[in-house]
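Quick caveat: nothing in here was measured; it's all calculated off a predicted structure.
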Amino acid sequence: QVQLVESGGGLVQAGGSLRLSCAASGRTFSRYVMAWFRQAPGKGREFVAGTDWSGGSTILVDSVKGRFTISADNAKNTVYLQMNSLKPEDTAVYYCAAGRGLRVGDKTDSRYAYWGQGTQVTVSS
């Protein structure tokens, strides 16, 4: 079993930055592929970024390439989403997710078995 706890959300102005953290625990968490999803008001969950714990493979959705970076710190059991040059359209609840036996960057939310509680990111114009 894997437990995920997210933090780092908040309110920022357009062009600003935030770093989201996802702290993982459990006996087998390192065997899971990690991802960030987001859900804007009135929309479904959208894949944003994915990685494995080695950081050897990273995937970003096109809309955030060049602005966001996903990384994993195995020693701290934490996955990060560094968000720069934020835009109002980035406003959403951001969720950390873990999936077993998945390819890094799998965009299907139902394939991820474990989810964090979500953290709100609001970008003002």
Check whether any side-chain N or O of Thr108 sits under 3.5 Å from a backbone N or O of Ser110 as a donor-acceptor pair, and report yes or no.
no
Determine the minimum heavy-atom distance between Thr119 and Leu20, stating which atoms define it.
CG2-CD2, 4.0 Å
Between Phe37 and Phe47, is the ring pair (Phe, Tyr, Trp, His ring centres under 6.0 Å) condition met? List the steps.
CA-CA 4 Å; Phe37 287 78; Phe47 173 85; 5.6 Å; yes
Is any side-chain heavy atom of Trp115 less than 4.5 Å from a side-chain heavy atom of Leu4?
no
Give a yes or no answer on whether the side chain of Asp106 reaches the backbone of Arg103 with a donor-acceptor pair at less than 3.5 Å.
no
State whether Asp62 and Lys65 are salt-bridged, where the test is any N-O pair (Lys NZ or Arg NE/NH1/NH2 against Asp/Glu carboxylate O) under 4.0 Å.
yes
So Trp53 and Met34, do their side chains get closer than 4.5 Å, heavy atoms only?
yes
Determine whether a donor-acceptor pair (N or O, by modelled atom type, separation under 3.5 Å) exists between the side chain of Ser21 and the backbone of Ser7.
no
Just by distance, no angles: are the side chains of Thr78 and Asp73 close enough, under 3.5 Å, to form a donor-acceptor pair?
no
Are Thr122 and Gln120 linked by a side-chain donor-acceptor pair shorter than 3.5 Å?
yes
Establish whether Tyr95 and Tyr114 are linked, either directly or via other cluster members, by ILVMFWY side-chain heavy-atom contacts under 4.5 Å.
no
What I want to check is whether the side chains of Ser124 and Gln13 have a donor and an acceptor closer together than 3.5 Å.
no
Check: Arg27 main-chain N/O paired with Arg31 side-chain donor or acceptor under 3.5 Å:
no
pair Phe29-Asn77: side-chain heavy atoms closer than 4.5 Å
yes
What's the spacing between Gln39 CD and Asp109 CG if we round to 0.5 Å?
9.0 Å
Which distance, rounded to the nearest 0.5 Å, do you find between the OH of Tyr94 and the CH2 of Trp36?
10.0 Å
Say whether Tyr80 and Arg19, considering side chains only, have a donor N or O and an acceptor N or O under 3.5 Å apart.
no
